[in-house]
Amino acid sequence: MQIRSRIIGLGSYLPERVLTNLELEGMVETSNEWILNRTGISERRIASEEEAASDLAYNASVAALKHAGIKKEDLDFIIVATVTPDMLFPSTACLVQYKLGIKNIFSFDISAACSGFIYALSVADQYIRSGIYRTGLVIGVDVFSKVVDWSDRSTCVLFGDGAGAAILQADSGDRGIISTHLHSDGRLWDILYIPGGGSRTPPSEEMLKNKLQYIKMRGNELFKVAVNTLCDSISEVLKFNGLKSDDIKLFIPHQANLRIIQAVGKKLNIPLERFKINLDVYGNTSAASVPIALCESVSEHMVRESDYVLLEAFGSGLTWGAALIKW
Ligand code: ACO
C-alpha cells in the first residue's frame, strides 16, 4: 500500500497593518501608478515592531491545527521555511515549537527564500512517504519589512510580511502530494541577497553605514530568470506526471509580480484565470506567499476534492521548485 502525505489543514496569518502604495508615495520617490503597472501590487501587510517571524508562524500554525482538527501533540516534526528568522539561531522552528508548548518532536529551518515552502513541503513529504513519521507542520514565513531599505524604492515597494502553515499527514488513498521538484543554481547567488550580518560581513558600524543589512536585488535580471524557471518548473511537473496544463485545476505561483505570472501564462498558453493571484493585497511575502495563496484558494473553494493543484516558486539562491498535489 502506497503512503502519501496529504495536507489536512491550512492556516495563514497576515499582520494587521496595511501599507498602501499611496503611503509609499510619501516615503520614497514613487507613484501608485508605477507600482501598480510594474508589479500589480496595491498594498501589503507590515509586522508590528514587536512581531517577529516566530509570532507570525505561530499564529498561522494555530489556525492550521484548528483547520486540521488535530491536537498539537499529534505532530512529529515542524519545518519552517524562512530567510528572516527571529535570530541567527536557534531556528525559528524551535521557537514555534516552544510557543506551541510541545515536546518530543524535532524542528528545524530551511533557507530557500521564496522557494522555501516548496522545499520544506518536499522534505516533509519524504519523511512521511518513507513511513518514518506520520504528521508534520510545515510553515512558510517571512518578515521582509525588517530587512528592506525603506529609502530604496526599487525594493521597498515589492515586499510584505506574512505566514502560511500546512499540516501534512500520512494517507493511504490516492490524494495528497504527488511529486515535488527542486532546483538551485548557486552561480546566481548575487542576483538577490543580504550581504551583511552573517559570518562574511559581521555586524559593525561600517556594515550599518554601508546599509549591508538590507536586501540587494538586480530586479530586471531576476524578472527574466523568474519567468524561465517558473515555466520550466510547470513543464517538468506536467511531463513527469503525464499531464497536460488543462488537467490542472489551479496554478499557485509565487506572488512576486503580476507581470511575471502573466508572462508565464502567455509562454505556456495558460489563461490568467487559472492562476491564483493575491499579490495585489499582500505583495511578495517570500516563503509565505505560496502557502497563504493555497490557504485562500481552499477557503474560497477554488480547489475541491481530487482536483490537481500545482504550486511553483523561485527565489534567492537561486532556488526554484514545484509541487503537484491531488487535493
Ligand atoms: N517607483 C518609480 N520608479 C521606479 C521604482 C519605483 N518604486 N523602482 C524603480 N524605478 C525606476 C527605475 O529607477 C528605472 O528608472 P530609469 O529608467 O530612469 O533608470 C525604471 O523605474 C525602470 O526600472 P526597472 O528596474 O527596469 O523596472 P522593471 O520594469 O524591471 O520593474 C521590478 C522592476 C518590479 C523590480 C521587476 O524587475 C521585478 O519584479 N523583478 C523581479 C523581482 C522579484 O521577483 N523579486 C523577488 C524574488 S523572490 C525572493 O527570493 C524574495
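What you see below is based on every heavy atom in this structure, not just the backbone, and it leaves out hydrogens, waters and symmetry mates. Ligands are counted one by one from 1 in listed order, and the atoms in each one are counted from 1 as well.
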Report, one line per pair, each donor and acceptor closer than 3.5 Å where one atom sits in a side chain of residues 221-237; sequence neighbours left out.
unit_1	atom_1	unit_2	atom_2	d
Glu221	OE1	Arg218	NE	3.4
Glu221	OE1	Arg218	NH2	3.0
Glu221	OE2	Arg218	NE	2.6
Asn228	OD1	Lys267	NZ	2.8
Asn228	ND2	Lys224	O	3.4
Thr229	OG1	Val225	O	3.0
Thr229	OG1	Ala226	O	3.1
Ser233	OG	Thr229	O	3.0
Ser235	OG	Cys231	O	3.0
Glu236	OE1	His183	NE2	2.8
Glu236	OE2	His183	NE2	3.3

With Thr319, the side chain to side chain donor-acceptor pair (under 3.5 Å) member among Ser184, Ser115, Ser111
Ser115
Below 3.5 Å only, please: the N or O atoms of ligand 1 paired with protein N or O atoms, distance on each line.
unit_1	atom_1	unit_2	atom_2	d
ligand 1	1 (N)	Thr30	OG1	2.6
ligand 1	3 (N)	Trp34	NE1	3.4
ligand 1	7 (N)	Thr30	OG1	3.1
ligand 1	7 (N)	Arg153	O	2.9
ligand 1	13 (O)	Arg153	NH2	3.0
ligand 1	21 (O)	Trp34	NE1	3.3
ligand 1	26 (O)	Asn220	ND2	2.6
ligand 1	27 (O)	Arg38	NH1	3.2
ligand 1	29 (O)	Arg38	NH1	2.6
ligand 1	29 (O)	Arg259	NH2	2.9
ligand 1	30 (O)	Asn220	ND2	3.0
ligand 1	31 (O)	Arg259	NH2	3.4
ligand 1	37 (O)	Gly219	O	3.1
ligand 1	39 (O)	Asn257	ND2	2.7
ligand 1	40 (N)	Gly219	O	2.9
ligand 1	50 (O)	Ser316	N	2.8

Flag if over 12 foreign heavy atoms under 6.0 Å of CD, Glu33
no
Can you confirm whether more than 12 heavy atoms, excluding those of Tyr98, are under 6.0 Å from its OH atom?
no
Is there side-chain contact between Thr84 and Ser286, with heavy atoms separated by less than 4.5 Å?
no
Any donor-acceptor pair under 3.5 Å linking the side-chain atoms of Thr82 with those of Asp142?
yes
